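Data first, discussion second: the structure below is written as structure tokens.
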Amino acid sequence: MQITRWTADDLSANLDPLADILHACVHAGASVGFILPHPITEARAFWRDTILPAVASGDRALFVASTDGHPVGTAQLVMATPANQPHRAEVSKLLVHPATRRQGAARRLMQALEHHARANAKTLLTLDTRTGDTAEPLYRSLGFSTAGVIPGYCLDPDGQKLDATTYMYKPLI
């Protein structure tokens with residue numbers, strides 16, 4: 001498995017594989033901002049219309065896990081923060097295709113994000129995750145601490161109930 005930072009050109013040339021990862025994750029129950037039914041066209045539009053411009057501007061760093069040259073996971077680091085938070089970056093959309101989970105992609109993506117954050121003088125990482133989700137223990141094992149839990153934060157992917165979210169942080173000093 002290889003972890004690489006993708007440019008806007010890389011992203012533009014690979015919209016379909018990234019859309020497939022997002023689509024599969026949402027259909028497997030991931031709470032990443034989308035509600036079912038989640039058509040593949042919506043997943044593709046997310047990458048093209050939301051993430052591509054942010055990667056092109058440098059506001060987001062996109063890392064991709066690939067196996068045999070095929071993308072199997074992604075993670076983003078939001079580098080654009082308010083003027084009073086230049087020391088912080090936010091982890092966003094850690095996604096690993098359900099067919100390739102439990103092979104270390106998520107951990108390696110998170111390590112790449114952390115390395116990138118350190119190289120860019122970031123001393124604090126933040127993130128949020130659905131409370132009780134499988135990612136929560138991963139984040140703890142990587143040194144993240146819980147800042148708090150907000151009940152009823154977002155709809156579940158089925159749009160039927162409200163889920164809580166856990167905010168986490170990791171000092172990089």
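The chain is numbered in sequence order, starting from 1. What you are looking at is a predicted structure, and each value in this text was computed from that prediction instead of being measured.
Side-chain N or O atoms of Gln160 include one that pairs as donor or acceptor with a backbone N or O of Asp158 at under 3.5 Å. Checking side-chain atoms of Lys93 against main-chain N and O of Thr74 turns up no donor-acceptor pair under 3.5 Å. Not a single donor-acceptor pair under 3.5 Å links the side chain of Asp20 to the backbone N or O of Pro17.
Between Asp163 and Asp156, the shortest heavy-atom contact is OD2-CB, 3.3 Å. Heavy atoms only, all atoms of each residue included: Leu11 and Leu52 are closest at CD2-CA, 3.4 Å. Between Ala61 and Arg5, the shortest heavy-atom contact is CB-NE, 3.8 Å. Looking at every heavy atom in both residues, Ala117 comes nearest to Leu125 through CB-CD2, 3.7 Å. Closest approach of Ala164 and Pro151 over heavy atoms only: CB-CA, 3.8 Å. Contact between Trp6 and Pro71 at its shortest, heavy atoms only, is CH2-CG, 3.7 Å.
Donor-acceptor pairing under 3.5 Å is recorded for the side chains of Asp128 and Thr165. Between the side chains of Arg101 and Thr134, no donor N or O sits under 3.5 Å from an acceptor N or O. Thr131 and Thr166 share a side-chain donor-acceptor pair at under 3.5 Å. Side-chain atoms of Ser57 and Asp59 include a donor-acceptor pair closer than 3.5 Å. In summary, the side chains of Ser12 and Asp9 do not present any donor paired with an acceptor at a separation below 3.5 Å, with no hydrogens or angles considered. Donor-acceptor pairing under 3.5 Å is recorded for the side chains of Tyr167 and Tyr153.
Taking the six-membered ring where the residue is Trp, His27 and His38 present tilted rings, their angle falling between 30° and 60°.
Linking Ile, Leu, Val, Met, Phe, Trp and Tyr residues whenever their side-chain heavy atoms come within less than 4.5 Å leaves Met79 and Ile51 in two separate clusters. Taking hydrophobic clusters as Ile, Leu, Val, Met, Phe, Trp and Tyr residues chained together by side-chain heavy-atom distances below 4.5 Å, Leu62 shares a cluster with Leu22.
For NE2 of His87, the number of neighbouring non-hydrogen atoms (other residues, nucleotides, ligands) closer than 6.0 Å is greater than 12. Residue Asp68 places its CG atom among 12 or fewer non-hydrogen atoms of other residues, nucleotides or ligands, all under 6.0 Å distant.
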Are Glu136 and Arg130 close enough, and set up right, to give a salt bridge (Lys or Arg N to Asp or Glu O under 4.0 Å), and what steps lead you there?
CA-CA 8 Å; Glu136 211 171 341; Arg130 180 173 43 192; over 6 Å; no
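Lys122 and Glu114 are not joined by a salt bridge, as no carboxylate oxygen comes within less than 4.0 angstrom of a charged side-chain nitrogen.
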